[in-house]
Amino acid sequence: MVYQMTDLSVGKRLARLRDIRDLTQEQLADRAGVSVDTIRRLEQGAQRGARIATYQKLAGALDIELARLLGQSTMTRSLAPDGGVIALRAAIQAPSDLPGLDLCGADGDVPGPDDLRPVMEQAQRHYRLGQFTDLVGMLPGLVTDLKAATHEAEGGPDHDTVWSMSAAAHIIVADVAAQLGQTDLAYTAVERAMHATARASDELRHALAVSALSLVLLRQGRWSDAQQVATRRAAEIEPRFSDRSPEKFAMFGILLLSGAVSAARANRDESDSTKDDALTFLRQAEAAAALSGPVRVRGTAFGPASVGMQATTVQVSLGHPDKALATASGVNVDELPWKISRARHRLDLAFARYQTHDDEGARDVLLTLDEEHPEWLTHQVLAASTVGGLLEAGRRRDRDLRKLAVRLGVDPAA
């Protein structure tokens, strides 16, 4: 039997996937380590849904990607004129990159740093605006050009510069691929980024690549691995107070924030230890931000506002929506440098408001985000979960919310 599940609610999707696996509710509950009442509530359309960590347990028990259970879109909103996800996969996973196979020669002139720099800047602009279609349209060509450029620059004066640019490009690939639900492709991109940082001897960029790896592992539901790689690297690069290097404190803090979010997601069965870990990492990141101040480094940013934004995310993940809203009230949103960072923060607020039964406030935030970042929003699991919950809570007649549900792959009639 073939099931079409793209237009189902999470509860109905869960029931059908369980049916495909020939599991009873009790058997799935036992495999996932959740209560059978949780599964019953979800399949019956529980109004407030479940935590992301619970969905990940269920996906793991069913041996599927979380994206499939939640109905996350794994393709861009529209077709790019050139390139795309398939072309990006071909560029990242080129057979010629494997050991023992000859490197394909570049056709025509090989671009140098001055040629590549404006293309990199354009890719970063698309990323910061959440313009995934435009981004995946240009990334395959950029990755291919960087591959040729690093080969050409080997041992020359541009060696470190070009390899550092390659690392930056592959970090962007990893992040966008993870958000598109293409986590295997994202993992390969992180491998390429870490190789490039080693060739460039760029310790700060390497720390950023480790943070990207933590994100990919997080998207795969590998909470403990995500926490371990981030916090171990943070311990390795922890700067001394006498260093007085804002960039070093920033990268240290970025890794701690990755560890905090991972620890919060690893919160299982109200475990006090994972909660304590998350809050400890947050406090350490806050101290790092006090020493660094707002700073931009290697194409990213860090500072007190970044810590506040991630602290909100942590409280949401821990299931404390009231604390999330209280934390968010102290965040200076204007200090968040990228529009997409502000959008992510507002999405956390929308979910927290929904969880505290402020359905009108949650709805308004979601519809505003849809106007400002329509493509980015379609790839956010938290957005689909919140919209689905609002519809189940009695907003099925809300025309604008129903339209948004369709764009997010949520069944508006569920």
Side-chain angles (χ1 to χ4, degrees), residues 63-65 67-68 73-76 79-113 115-116 119-120 122-124 126-127 132-156 158-202 205-206 208-210 212-217 219-220 222 225 229 379:
D63 194 27
I64 60 170
E65 292 280 354
R68 185 177 185 192
S73 175
T74 56
M75 62 183 186
T76 54
L79 284 171
D82 298 299
V85 174
I86 299 302
L88 183 56
R89 184 183 300 278
I92 294 292
Q93 298 178 340
S96 59
D97 291 338
L98 296 175
L101 297 180
D102 292 332
L103 180 68
C104 296
D107 296 327
D109 295 333
V110 176
D115 304 307
L116 293 166
V119 185
M120 273 295 307
Q122 183 62 54
Q124 289 169 336
H126 286 318
Y127 171 72
F132 290 169
T133 298
D134 293 331
L135 185 57
V136 300
M138 68 180 301
L139 281 175
L142 177 59
V143 167
T144 301
D145 284 346
L146 280 165
K147 191 182 303 181
T150 53
H151 183 66
E152 182 75 12
E154 191 66 30
D158 294 329
H159 178 277
D160 287 356
T161 298
V162 174
W163 274 110
S164 187
M165 292 174 71
S166 178
H170 283 88
I171 288 171
I172 292 175
V173 172
D175 199 307
V176 71
Q179 293 196 60
L180 289 171
Q182 308 279 349
T183 56
D184 290 341
L185 174 59
Y187 193 96
T188 303
V190 170
E191 286 186 299
R192 299 282 189 269
M194 297 183 79
H195 171 72
T197 61
R199 299 302 303 274
S201 300
D202 190 340
R205 185 86 68 186
H206 182 268
L208 190 58
V210 173
L213 172 60
S214 181
L215 169 67
V216 173
L217 293 170
R219 288 275 180 162
Q220 291 180 336
R222 297 163 62 181
D225 287 342
V229 298
H379 298 288

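Quick caveat, the model's predicted, so the values are computed rather than measured.
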_Single hit among Asp158, Asp145, Thr161 for side-chain contact (heavy atoms from CB on, under 4.5 Å) with Leu116_ = Asp145
_Residue pair Arg205 / Ala167: nearest heavy atoms and the distance that separates them_ = CG-CB, 3.7 Å
_Is the shortest side-chain heavy-atom distance between Asp184 and Gln220 below 4.5 Å?_
yes
*Closest heavy-atom contact between Ser164 and Asp202?*
OG-OD2, 2.9 Å
*Do Arg199 and Thr150 have side chains that get closer than 4.5 Å, going by heavy atoms?*
no
*Measure across Ala186 and Ala174 and return the closest heavy-atom pair with its distance rounded to 0.1 Å.*
CB-O, 3.3 Å
*From CA spacing to verdict: side-chain contact (heavy atoms from CB on, under 4.5 Å), Leu180, Val136*: CA-CA 10 Å; Leu180 289 171; Val136 300; 4.1 Å; yes
*Going from CG on Leu88 to CD on Gln93, what distance comes out if it is rounded to the nearest 0.5 angstrom?*
9.0 Å
*asked:* I'd like to know if the side chain of Asp115 and the backbone of Gly112 have a donor-acceptor N/O pair within less than 3.5 Å.
replied: yes
_Distance, nearest 0.5 Å, that separates CD of Gln124 from CD1 of Ile172_ = 5.0 Å
*Ala94 versus Lys147, closest heavy-atom pair with distance*: CB-NZ, 3.5 Å
*Do the side-chain N and O atoms of Glu191 and His195 include a donor-acceptor pair separated by under 3.5 angstrom?*
no
*Does a side-chain heavy-atom distance below 4.5 Å link Met194 with Val210?*
yes
*asked:* Working to the nearest 0.5 angstrom, can you tell me the gap between Gln179 CD and Phe132 CZ?
replied: 4.0 Å
*What distance separates Ile171 CD1 from Tyr127 OH, expressed to the nearest 0.5 Å?*
10.0 Å
*asked:* Going by side-chain contact (heavy atoms from CB on, under 4.5 Å), Arg192 matches just one of Val173, Thr197, Asp97, Val143. Which one?
replied: Asp97
*Do you know the tightest heavy-atom contact between His379 and Arg219?*
O-NH1, 4.2 Å
_Minimum heavy-atom distance Leu146-Ser166, with the two atoms named_ = CD1-CA, 3.8 Å
*asked:* Rounded to the nearest 0.5 Å, what separates atom CD1 in Ile92 from atom NE2 in His170?
replied: 3.5 Å
_Let me confirm one number: the CG-OH distance from Leu213 to Tyr187, rounded to the nearest 0.5 Å._
6.0 Å
